[in-house]
S.K.: 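Shown below is the structure under consideration.
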2 protein chains.
Amino acid sequence: MAASNSRKKISESTIHRLSLYYRVLSVLEKENHQTVSSRELAKREKLTPAQVRKDLSFFGSFGTRGLGYPVSELKKQIGDILGLNRLWNVALIGVGNIGSALVGYKEFLRQGFRIRVIFDNDQRKIGSNHKGIKVSDIRNLERDLRENNIEIVVIAVPATVAQYIVDDVVHAGIKAILNFAPVNLKVPSDVFLRNENMSMELEYLSFALSNLQNGRGTIKKEVS
Amino acid sequence: MAASNSRKKISESTIHRLSLYYRVLSVLEKENHQTVSSRELAKREKLTPAQVRKDLSFFGSFGTRGLGYPVSELKKQIGDILGLNRLWNVALIGVGNIGSALVGYKEFLRQGFRIRVIFDNDQRKIGSNHKGIKVSDIRNLERDLRENNIEIVVIAVPATVAQYIVDDVVHAGIKAILNFAPVNLKVPSDVFLRNENMSMELEYLSFALSNLQNGRGTIKKEVS
DNA sequence: TAGCATTTGTGAATGAATTCACAATCGTTA
DNA sequence: TAACGATTGTGAATTCATTCACAAATGCTA
């Protein structure tokens, strides 16, 4: 009866905030801070100290009362939780606007995401090298995903074909997909799909500017 | 006392979902649907009918009982709420990886966001034309923002200089900023700032793959 | 025009996330 | 080693978001 196995859900927001903490801790580490309090950590990402402590407490007790959290140690811990203390083999599908940008995006590299192979259907691009990464024919998708031990696939193709591509990707056994196409894709429930909707935040700004607003970005609405 | 003016907050999530509805409605319009039910609308974006109705109800009664919502009419209404039935003058700062991708991103165009001017500090780029848009010297920021009637500024510069740039942008009187640099920027409370953190979702996938998971992406955690 | 099948709009109920508030604990100093 | 200031870790309280559930409408059919 002692070590019972209850379980606790970790919310998506908590995970996203872990990313923020990780980012701040990287900076703090470079600035040679030994420890950091939940107060300081919160301040740097516009959150509350209580939230920082609660988030971290889901995963363990990393701090020291009276002192705060050890910067490097906590960074390592969060890195372990997020799976950032290792390399990930990533494939990119589609080298258009967005695709090309992602290939050169240093932030991905720094976090261990390595684009090992790029797929496209444009014969002019296939076979060429895009910033040192070979461009494969989309027709060899399954084979080249396997050959490169790809674990995560990034979709950067037009919305109209994204579903077909994803179907193939799923069929090839990939379990994690990041989608940049502005469309809602269907995948089996054992596949992780995340969407990056680049115009959503721009639309939020458009909304904010269009409506009477208070300072902090909280939008209010008249009601009779 | 009759027409009192209470106010209701609209949550950020609701606004983001409006973007999704807008997207689906655009598709439905093209597919020549006359009406759509909350059920169908929900299905297309993996939400619940109740949520769709509740979201819309914050802004008015757009539907007809027994029938559903008129597609074109609802699209127009949401467009009005989000401020998408007009053009926005946008400036882009930084034409590196991300910046270049954004210039060619058709989704922005379709939604009425027009990049009127691009700023950079690279003398080789300044004066040239980037996909038809002139590249200005960052030193003329204030002047050229004003001359182009810019309302929204997109930041795509390295994290290390982003805060300086934003300070100048704020000083020039801009009230809406979309930031792609992976850093938390400080702005006065009357300026809307939104962040686009491109590695956050990738990190979520990394987390999901790293942890034992159930099918639907809900991550659980052992507790003793 | 009456009856039926639908579907909205919305208070009430529920569930989830955030914040509060404080006991527990640590490092430091005298 | 005792007293103090600081800060964590965490149940409880609160706030916020989602879902439920049903009356009110509507179109359609006969």
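Throughout, a chain's letter reflects where its sequence line sits, starting with A, and its residues are numbered from 1. Computed from a predicted structure; not experimentally measured.
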S.K.: Taking any heavy-atom pair under 4.0 Å as a contact, classify A/Ser38: base, sugar-phosphate, or nothing.
M.R.: sugar-phosphate
S.K.: List the protein contact pattern of nucleotides 22-29 of chain D with one symbol per nucleotide (5' to 3'): B for base contact, S for sugar-phosphate-only contact, - for none; contact means a heavy-atom distance under 4.0 Å.
M.R.: -BBBB---
S.K.: Backbone N or O of B/Asn89 within a donor-acceptor pair of the B/Glu151 side chain at under 3.5 Å?
M.R.: yes
S.K.: By nearest heavy atom, map A/Lys54 and B/Lys54 onto DNA chain C; which one lands nearer the 5' end?
M.R.: B/Lys54
S.K.: Counting only side-chain nitrogens and oxygens, does B/Gln51 get under 4.0 Å of the OP1 or OP2 atom of D/dT19?
M.R.: yes
S.K.: Any side-chain N or O of B/Arg39 less than 4.0 Å from the OP1 or OP2 oxygen of C/dT6?
M.R.: no
S.K.: With a cut-off of less than 4.0 Å, is there a side-chain N or O of A/Tyr69 near OP1 or OP2 of D/dG9?
M.R.: yes
S.K.: Over how many whole Å does the gap from B/Leu74 atom CG to C/dT7 atom C1' extend?
M.R.: 14 Å
S.K.: Looking at A/Arg110 and A/Glu107, does any basic side-chain N land under 4.0 Å from a carboxylate oxygen?
M.R.: yes
S.K.: Where each residue is assigned the nucleotide of DNA chain C containing its nearest heavy atom, which of A/Ser13 and B/Gly63 is assigned the position nearer the 5′ end?
M.R.: B/Gly63
S.K.: From the set C/dT19, C/dT18, C/dT7, return the single nucleotide nearest to any side-chain atom of B/Ser37.
M.R.: C/dT7
S.K.: Among the nucleotides D/dT10, C/dA17, C/dG9, which one has an atom lying closest to any side-chain atom of A/Ser11?
M.R.: C/dA17
S.K.: Return the value, rounded to whole Å, for the distance between atom CD1 of A/Ile10 and atom P of C/dA16.
M.R.: 14 Å
S.K.: Roughly how many Å is it from CZ in A/Phe59 to C1' in D/dT10, rounded to a whole number?
M.R.: 16 Å
S.K.: Might you point out which heavy atoms bring A/Leu25 and A/Ile78 nearest each other, and give the distance in Å?
M.R.: CD1-CD1, 3.7 Å
S.K.: Output the rounded distance in Å from CG (A/Leu47) to P (C/dT19).
M.R.: 8 Å
S.K.: Would you mind checking if B/Arg44 and B/Glu31 are paired as a salt bridge, meaning a charged N to carboxylate O distance below 4.0 Å?
M.R.: yes
S.K.: When you measure from the side chain of B/Ser199 to the backbone N and O of B/Leu202, does any donor-acceptor pair fall under 3.5 Å?
M.R.: no
S.K.: Using atom CZ of B/Phe58 as one end and atom P of D/dC16 as the other, report the distance to the nearest whole Å.
M.R.: 12 Å
S.K.: Please verify the inter-ring angle class for B/Trp88 with B/Phe113; under 30° counts as parallel, over 60° as perpendicular, anything in between as tilted.
M.R.: parallel
S.K.: A/His16 and B/Glu201: side-chain contact (heavy atoms from CB on, under 4.5 Å), yes or no, with the steps?
M.R.: CA-CA 8 Å; A/His16 279 161; B/Glu201 295 297 345; 3.4 Å; yes
